[in-house]
Amino acid sequence: DTGVSQNPRHKITKRGQNVTFRCDPISEHNRLYWYRQTLGQGPEFLTYFQNEAQLEKSRLLSDRFSAERPKGSFSTLEIQRTEQGDSAMYLCASREGASEAFFGQGTRLTVV
Amino acid sequence: AQTVTQSQPEMSVQEAETVTLSCTYDTSESDYYLFWYKQPPSRQMILVIRQEAYKQQNATENRFSVNFQKAAKSFSLKISDSQLGDAAMYFCAYRGLNWGNKLVFGAGTILRVKS
């Protein structure tokens, strides 16, 4: 296992289009997190899964955002009707128990 | 709500010298974790060092050490013998025992290392 993997690395989309990102966590990690990072800022929490259950969602996660982790392994984050304000780096992290979080390289979204 | 503040947007250090990055946080919890993460340009975030709040001893990892002052809610990172590869954005982060154990990050400090 080579760590947390995110695809695609970069996505350019037109405003109003839908986009979907994928995160493959470290295989034995039952906890998976999504964060959003805008330029020059620290990551902000979006949502959290323990196994397949989505246990917490930030108020940052508007109705246009949806995340799933159907089998408790990989996760997807979908943004519908993208807006320019959605342009950011979307980071996925996973961990097990009390361990630290391991991050993927992120998906950079640009909405034009 | 927990908050993390990094008051230094940017720091510079000469190669082989020592630099200290500052971090303060606010919480009403008595037990929690604190972290320093490093994010090189266009690369993934990696853990530098971790501190459990119940431990009075400051964490150390090779050239990296922290000064954890629980009463003052301060958690600074000291990098000794700075190397060019230390140049990155550094984030201080808090993780409580509740709230899904998510990380709360500061805004980050850009560290530049001069040769």
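Within every chain, numbering begins at 1; the chains are lettered A, B, ... in the order of the sequence lines, protein sequences first and strands thereafter. Side chains are part of it too, since the values below use all heavy atoms of this structure and drop only hydrogens, waters and symmetry mates.
The line from SG of A:Cys92 to CD of B:Gln44 is 11.5 Å long, rounded to the nearest 0.5 Å.
For chain A, the nearby parts of B:Leu103 are the backbone and the side chain; heavy atoms of each come within less than 4.5 Å. Only the side chain of A:Arg9 comes within less than 4.5 Å of a heavy atom of chain B; its backbone N, CA, C and O stay farther away. For B:Gln39, the part lying near chain A is the side chain, with the backbone staying farther off; criterion is any non-hydrogen pair under 4.5 Å.
A single hydrophobic cluster is not seen to contain both A:Leu77 and A:Tyr33; linkage of ILVMFWY side chains at heavy-atom distances under 4.5 Å, directly or through other members, places them apart. Using a 4.5 Å cut-off between side-chain heavy atoms of Ile, Leu, Val, Met, Phe, Trp and Tyr, with links allowed through other members, A:Phe74 and A:Trp34 fall into different hydrophobic clusters. In terms of hydrophobic clustering, with Ile, Leu, Val, Met, Phe, Trp and Tyr side chains grouped at heavy-atom distances under 4.5 Å, A:Tyr35 and A:Phe49 are assigned to different clusters.
Each salt bridge (Lys or Arg N to Asp or Glu O under 4.0 Å) pair with one or both residues in residues 31-45 of chain B, not counting sequence neighbours, would appear here, but there are none.
Inter-residue side-chain proximity for A:Phe45 and B:Phe105 is flagged as unmet; no heavy-atom pair is nearer than 4.5 Å. Residues B:Asn101 and A:Arg95 have side chains in contact (heavy-atom distance under 4.5 Å, counting atoms from C-beta outward). With a 4.5 Å cut-off on side-chain heavy atoms, A:Glu100 and B:Tyr33 do not count as touching.
A 6.0 Å sphere centred on CD of B:Glu10 holds more than 12 heavy atoms belonging to other residues, nucleotides or ligands.
The minimum heavy-atom distance linking B:Phe91 with A:Gln37 is given by the pair CZ-NE2, 3.2 Å. Nearest heavy atom pair, residue A:Pro43 against residue B:Met45, reads CG-CE, 3.6 Å.
By the 6.0 Å and 45° rule, B:Lys102 does not stack over the aromatic ring of A:Tyr48.
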